[in-house]
Amino acid sequence: QVQLVESGGGSVQAGGSLRLSCAASGYRYSPNCMGWFRQAPGKEREGVASIYANGAFTYYADSVKGRFTVSQDSAKDTVFLQMNSLKPEDTAMYYCAAAMVVGPSRCSGASERYSFWGQGTQVTVDS
């Protein structure tokens, strides 16, 4: 059974940076698609970023383009989300998710494609 554990969340002032990590374990075959999602109170869960084949292809929501970067370590067991120039609107619970997909076009922000989810880590951006 695949387990995903997020870490790195916390409180930061607007304009600051945070780096989230997602450690994966328990897999027989490494997922080829890892995604980051977020959900704020009263809002729908949204896809933030995803990475396919160790960065061969990436996806970013328009709201985070140019500010967030998703990456993966060489062992394929940890995925990162570097968040720069944080805004109060970025405040949310952030989740990582894993999927096995047949091509990069399916590694995106559609949550139904992801089979495994982490417990979430809270990010709070103060104005």
Engineer: What about the rings of F116 and Y27, do their centers lie closer together than 6.0 Å?
Structural biologist: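 No - the distance between ring centres of F116 and Y27 does not fall below the 6.0 Å cut-off.
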Engineer: Same cluster or not: are L81 and V12 linked, directly or through other Ile, Leu, Val, Met, Phe, Trp or Tyr residues, by side-chain heavy atoms under 4.5 angstrom apart?
Structural biologist: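 Yes.
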Engineer: Could you give the distance from OG1 (T124) to CE (M93), rounded to the nearest 0.5 Å?
Structural biologist: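 These two atoms lie 8.5 Å from each other.
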Engineer: With hydrophobic residues grouped by side-chain heavy-atom distances under 4.5 Å, do M34 and L18 end up in a single group?
Structural biologist: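 Shared cluster, yes.
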Engineer: If we ignore hydrogens and angles and just use 3.5 Å, is the side chain of T91 paired with the main-chain N or O of P88 as donor and acceptor?
Structural biologist: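 Present.
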Engineer: To the nearest 0.5 Å, how far apart are OH in Y52 and OG in S105?
Structural biologist: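 That separation rounds to 9.0 Å.
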Engineer: Are F68 and W36 near enough that their ring centres are under 6.0 Å apart?
Structural biologist: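 No; W36 has its ring centre 6.0 Å or more from that of F68.
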Engineer: Closest heavy-atom contact between S30 and M100?
Structural biologist: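 In terms of heavy atoms, the two residues are closest at O-SD, 3.4 Å.
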Engineer: What is the minimum heavy-atom distance between A92 and R38, and which atoms define it?
Structural biologist: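 Minimum heavy-atom separation between A92 and R38: CB-CB, 3.8 Å.
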Engineer: Should V70 and V123 be counted in the same cluster of Ile, Leu, Val, Met, Phe, Trp and Tyr side chains packed under 4.5 Å apart?
Structural biologist: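 Yes, one cluster joins them.
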Engineer: Atom CZ of residue position R106 - does it have more than 12 heavy atoms of other residues, nucleotides or ligands inside 6.0 Å?
Structural biologist: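 Open.
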Engineer: Do side-chain atoms of E6 reach the backbone of Q119 as a donor and acceptor pair under 3.5 angstrom?
Structural biologist: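 Flag set: sc E6 to bb Q119 pair under 3.5 Å.
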Engineer: What class does the angle between the rings of W117 and F37 fall in, given that below 30° is parallel, 30 to 60° is tilted and above 60° is perpendicular?
Structural biologist: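 W117 vs F37 ring planes: tilted.
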Engineer: If you compare all heavy atoms of A99 against all heavy atoms of P31, which two are closest, and at what distance to 0.1 Å?
Structural biologist: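 Closest heavy-atom pair between A99 and P31: O-CB, 3.5 Å.
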Engineer: So does D90 pair up with K87, basic N to acidic O under 4.0 Å?
Structural biologist: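 No, D90 and K87 are not salt-bridged.
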Engineer: Check step by step if side chain to side chain contact (heavy atoms under 4.5 Å, CB included) holds for F80 and T69.
Structural biologist: CA-CA 8 Å; F80 305 97; T69 303; over 6 Å; no
Engineer: Closest heavy-atom contact between G47 and A61?
Structural biologist: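 Answer, listing the atom of G47 first, then A61: O-CB, 3.4 Å.
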Engineer: Is there a path of hydrophobic side-chain contacts, each under 4.5 Å between heavy atoms of I/L/V/M/F/W/Y residues, joining Y114 to Y94?
Structural biologist: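 No, it is not one cluster - the side chains of Y94 and Y114 are not joined through contacts under 4.5 Å.
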Engineer: What pair of heavy atoms forms the shortest contact from L4 to A24, and how long is it?
Structural biologist: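 That closest heavy-atom pairing would be CD2-CB, 3.5 Å.
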Engineer: Mind checking the OG-CG spacing from S25 to D77? Nearest 0.5 Å is all I need.
Structural biologist: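 Atom-to-atom, S25:OG and D77:CG are 9.0 Å apart.
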Engineer: Mind checking whether I51 and V101 sit in one hydrophobic cluster, side chains of I, L, V, M, F, W, Y counted as touching below 4.5 Å?
Structural biologist: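 The answer is no; the residues belong to distinct hydrophobic clusters.
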Engineer: Where do Y59 and C107 come nearest, in terms of heavy atoms and distance?
Structural biologist: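 What the structure gives for the nearest pair is CB-O, 4.0 Å.
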Engineer: Within the side chain of N54, is there an N or O that forms a donor-acceptor pair under 3.5 Å with the backbone of Q72?
Structural biologist: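 It does not hold such a pair.
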Engineer: For the SG atom of C33 and the CZ atom of R113, what is their distance to the nearest 0.5 Å?
Structural biologist: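 These two atoms lie 9.0 Å from each other.
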Engineer: Go through the steps for M83 and L20 under the test side chain to side chain contact (heavy atoms under 4.5 Å, CB included), then give the verdict.
Structural biologist: CA-CA 8 Å; M83 305 185 294; L20 306 184; 3.7 Å; yes
